[in-house]
K.L.:
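Starting off with a structure, shown below.
Values below: all heavy atoms of this structure, side chains included; hydrogens, waters and symmetry mates excluded. Positions are given from 1, in the same order as the sequence printed here.
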Amino acid sequence: MALFYIIQQLSSLLILLKLRKFYALVSLSFFVIIFLFKPDTFDMVMYPEMIRSLHNHEFLFGKVINFISLFLNDERKIITVFQIFLLCVASLMLLFFQESKDKLLILAVILSSVAVMVSVHNNLRQGIASIIILIGIFSYLAGYKKTAIILLISSQGFHRSAIFFIQIIFFASIIFSNLYKRFSSFDNLKRMKMVYVLAFGLSSILFFVIINFISFLDYFTFGETLFVNYVRDFEYAQFRTPVLLKNSLLLFLIITTEFFLKFKSINYRLDLLRFLRILFVVTCLFLSLIGNFSEVSNRILFMYYTIEMGIMCILVSEKFYNTVIVILFGYAFAFNVLNIVGGI
């Protein structure tokens with residue numbers, strides 16, 4: 001299955017040949033094949049067991065599972081329906097690109113992204129929560145503020161980490177918005193350079209906040225807090241790419257895509273997501289320097305991939321096809337996806 005995913009991403013070269021719809025169909029076909037025939041690995045093995053202990057999990061996750069259970073008895077089929085539900089939620093991103101002539105390509109980009117692949121084939125709960133947060137961000141930027149608030153609140157019902165990311169994005173976006181207005185008198189190149197500086201500065205602050213917060217919890221609970229012990233857990237460590245290497249490669253991918261964008265400001269919506277992407281990956285890079293925080297870094301990276309999915313959607317709608325191809329090529333070597341979908 002991993003080979004199918006690699007070919008799916010590398011075939012994005014068809015976009016250069018102006019065969020965008022054909023590539024989209026090819027990509028979607030590979031997605032369907034992987035979805036139907038991929039064996040259960042890692043967390044997916046445990047999800048059917050979770051159905052028997054929903055009281056230990058988030059409210060909305062439990063409610064959706066209970067609703068599906070009204071029609072199905074087989075636990076694995078219930079999870080399959082939830083996977084389809086997750087894909088439907090992710091596809092709602094198309095609502096923000098109704099005027100685009102590349103809606104099929106945007107759908108293909110969404111479903112082939114690392115965010116969706118890891119979500120639907122492994123991290124169902126955090127995956128759907130992160131995607132709902134992204135839709136909430138887009139809703140807010142589109143002027144649907146009440147909808148955005150409802151979505152952001154509901155994301156917490158699928159995964160407890162949602163409130164952590166919502167707070168980071170909320171405060172970071174306020175700072176970004178205020179300074180972005182001040183940068184409006186700058187040319188596009190200088191404005192984006194200031195965004196880079198801001199992202200790096202806030203990443204440093206966020207890094208210190210995270211390690212001190214967790215150390216604070218650990219100290220006052222005498223090392224017995226389940227949360228602290230969990231985030232320090234090296235679950236699946238033998239299967240994972242070293243987190244420092246992973247973050248370094250992702251930073252290289254960011255620099256490459258920024259190069260293709262000529263390091264220039266494009267528009268507020270895209271620049272905000274570019275800023276958040278840099279913020280998350282640089283924070284993860286700092287955290288990866290401390291061995292005990294590898295799991296924290298991996299969890300934050302999930303939001304990075306989700307933000308990047310939103311960036312690709314905008315890039316397609318704005319016709320920055322070359323930059324999209326660069327990201328998709330990078331995804332061909334996404335070790336986390338390759339491990340999850342199965343060996344070559």
Side-chain angles (χ1 to χ4, degrees), residues 92-93 95-97 99-100 115 129-156 161-210 213 250-251 254-255 257-258 261-286 300-318 320 323:
L92 290 176
M93 285 291 295
L95 294 175
F96 303 101
F97 303 97
E99 296 182 2
S100 174
S130 299
I131 292 169
I132 290 173
I133 290 173
L134 180 66
I135 296 173
I137 294 172
F138 271 77
S139 297
Y140 188 87
L141 294 175
Y144 303 107
K145 296 183 180 180
K146 292 181 180 178
T147 302
I149 292 171
I150 293 171
L151 287 168
L152 293 174
I153 293 174
S154 66
S155 66
Q156 182 69 14
S161 67
I163 189 64
F164 170 74
F165 292 111
I166 291 170
Q167 290 181 75
I168 292 174
I169 292 170
F170 176 75
F171 289 110
S173 298
I174 288 176
I175 296 171
F176 172 85
S177 181
N178 288 330
L179 293 179
Y180 194 82
K181 292 176 182 177
R182 296 186 183 183
F183 301 156
S184 60
S185 60
F186 299 166
D187 60 61
N188 289 340
L189 182 61
K190 188 175 180 180
R191 184 189 307 165
M192 203 59 210
K193 286 181 179 178
M194 297 303 294
V195 170
Y196 299 147
V197 172
L198 176 62
F200 185 84
L202 288 182
S203 298
S204 304
I205 295 172
L206 182 57
F207 163 68
F208 284 109
V209 169
I210 291 172
F213 174 70
L250 290 175
L251 183 60
I254 287 177
I255 294 171
T257 55
E258 290 297 322
L261 292 173
K262 300 179 180 179
F263 302 103
K264 291 184 177 181
S265 170
I266 306 299
N267 57 53
Y268 179 82
R269 183 172 66 166
L270 180 57
D271 292 348
L272 172 61
L273 294 185
R274 289 161 73 188
F275 160 73
L276 291 174
R277 181 172 72 148
I278 297 170
L279 172 67
F280 283 124
V281 84
V282 174
T283 301
C284 289
L285 185 62
F286 289 154
I300 294 174
L301 275 181
F302 206 98
M303 197 66 227
Y304 157 82
Y305 288 122
T306 307
I307 293 294
E308 192 165 69
M309 180 180 75
I311 288 175
M312 286 196 294
C313 292
I314 297 175
L315 289 173
V316 171
S317 68
E318 299 284 347
F320 289 99
T323 310

K.L.:
Heavy-atom count check: over 12 atoms from other residues, nucleotides or ligands less than 6.0 Å from Y144 OH?
P.N.:
no
K.L.:
Do I135 and F96 have side-chain heavy atoms sitting under 4.5 Å apart?
P.N.:
yes
K.L.:
Under a 4.5 Å cut-off applied to non-hydrogen side-chain atoms, are K193 and V197 in contact?
P.N.:
no
K.L.:
Return the minimal non-hydrogen interatomic distance between F186 and R191, and the atom names on each side.
P.N.:
O-NH2, 3.6 Å
K.L.:
Taking I254's backbone N and O only, do any of them form a donor-acceptor pair with E258's side chain (distance below 3.5 Å, no angle check)?
P.N.:
no
K.L.:
Please identify which of these residues, T147, I314, L95, meets the side-chain contact (heavy atoms from CB on, under 4.5 Å) condition with F138.
P.N.:
I314
K.L.:
For the residue pair G136 and L152, what are the closest heavy atoms and their distance?
P.N.:
CA-CD2, 4.4 Å
K.L.:
Nearest 0.5 angstrom please: L315 CG to L270 CG, how far?
P.N.:
5.5 Å
K.L.:
Take F183 and F176, measure what ring pair (Phe, Tyr, Trp, His ring centres under 6.0 Å) needs, and give me the verdict at the end.
P.N.:
CA-CA 10 Å; F183 301 156; F176 172 85; 8.2 Å; no
K.L.:
Do you know the tightest heavy-atom contact between A199 and L279?
P.N.:
O-CD1, 3.9 Å
K.L.:
I need the single residue from I169, I168, V281 that forms a side-chain contact (heavy atoms from CB on, under 4.5 Å) with M303. Which is it?
P.N.:
I169
K.L.:
Under 6.0 Å between ring centres: does that hold for Y305 and F280?
P.N.:
no
K.L.:
Give the minimum heavy-atom separation between S100 and S317, together with the two atoms involved.
P.N.:
OG-CA, 4.2 Å
K.L.:
Step by step, work out the side chain to side chain contact (heavy atoms under 4.5 Å, CB included) result for F302 and F165.
P.N.:
CA-CA 10 Å; F302 206 98; F165 292 111; 5.8 Å; no
K.L.:
Working to the nearest 0.5 angstrom, can you tell me the gap between M93 CE and M312 CE?
P.N.:
10.0 Å
K.L.:
Taking all non-hydrogen atoms of both residues into account, name the closest pair between S265 and M192 and its distance.
P.N.:
N-CB, 3.7 Å
K.L.:
Taking side chain to side chain donor-acceptor pair (under 3.5 Å) as the definition, give me every residue that meets it alongside N267, ordered by chain and number, with sequence neighbours left out.
P.N.:
E318
K.L.:
Please find the pair of heavy atoms, one from F275 and one from A172, that lie closest to each other, and give the distance.
P.N.:
CE2-O, 3.6 Å
K.L.:
Measuring from atom CG of L141 to atom OG of S173, what distance do you get when rounded to the nearest 0.5 angstrom?
P.N.:
8.0 Å
K.L.:
Rounded to the nearest 0.5 Å, what's the gap from OG on S203 to CG on L198? Could you check?
P.N.:
9.0 Å
K.L.:
Look up atom CG in L285 and atom CD1 in I300, then write down how far apart they are to the nearest 0.5 Å.
P.N.:
12.0 Å
K.L.:
Rounded to the nearest 0.5 Å, how far does OG1 of T306 lie from CG of L273?
P.N.:
11.5 Å
K.L.:
Pair I266, R274 - check side chain to side chain contact (heavy atoms under 4.5 Å, CB included), show working.
P.N.:
CA-CA 10 Å; I266 306 299; R274 289 161 73 188; 3.5 Å; yes
K.L.:
Just checking Y140: does its OH atom have more than 12 heavy atoms from other residues, nucleotides or ligands closer to it than 6.0 angstrom?
P.N.:
no
K.L.:
Tell me, with the steps shown, if N178 and R182 meet side chain to side chain contact (heavy atoms under 4.5 Å, CB included).
P.N.:
CA-CA 7 Å; N178 288 330; R182 296 186 183 183; 5.6 Å; no
K.L.:
Are more than 12 heavy atoms, taken from residues, nucleotides or ligands other than Y268, located less than 6.0 Å from that residue's OH atom?
P.N.:
yes
K.L.:
What's the verdict on ring pair (Phe, Tyr, Trp, His ring centres under 6.0 Å) for F286 and F200, showing C-alpha distance, side-chain angles and the deciding distance?
P.N.:
CA-CA 11 Å; F286 289 154; F200 185 84; 5.8 Å; yes
K.L.:
Does the side chain to side chain contact (heavy atoms under 4.5 Å, CB included) test come out yes or no for Y304 and C284, once each step is laid out?
P.N.:
CA-CA 9 Å; Y304 157 82; C284 289; 6.0 Å; no
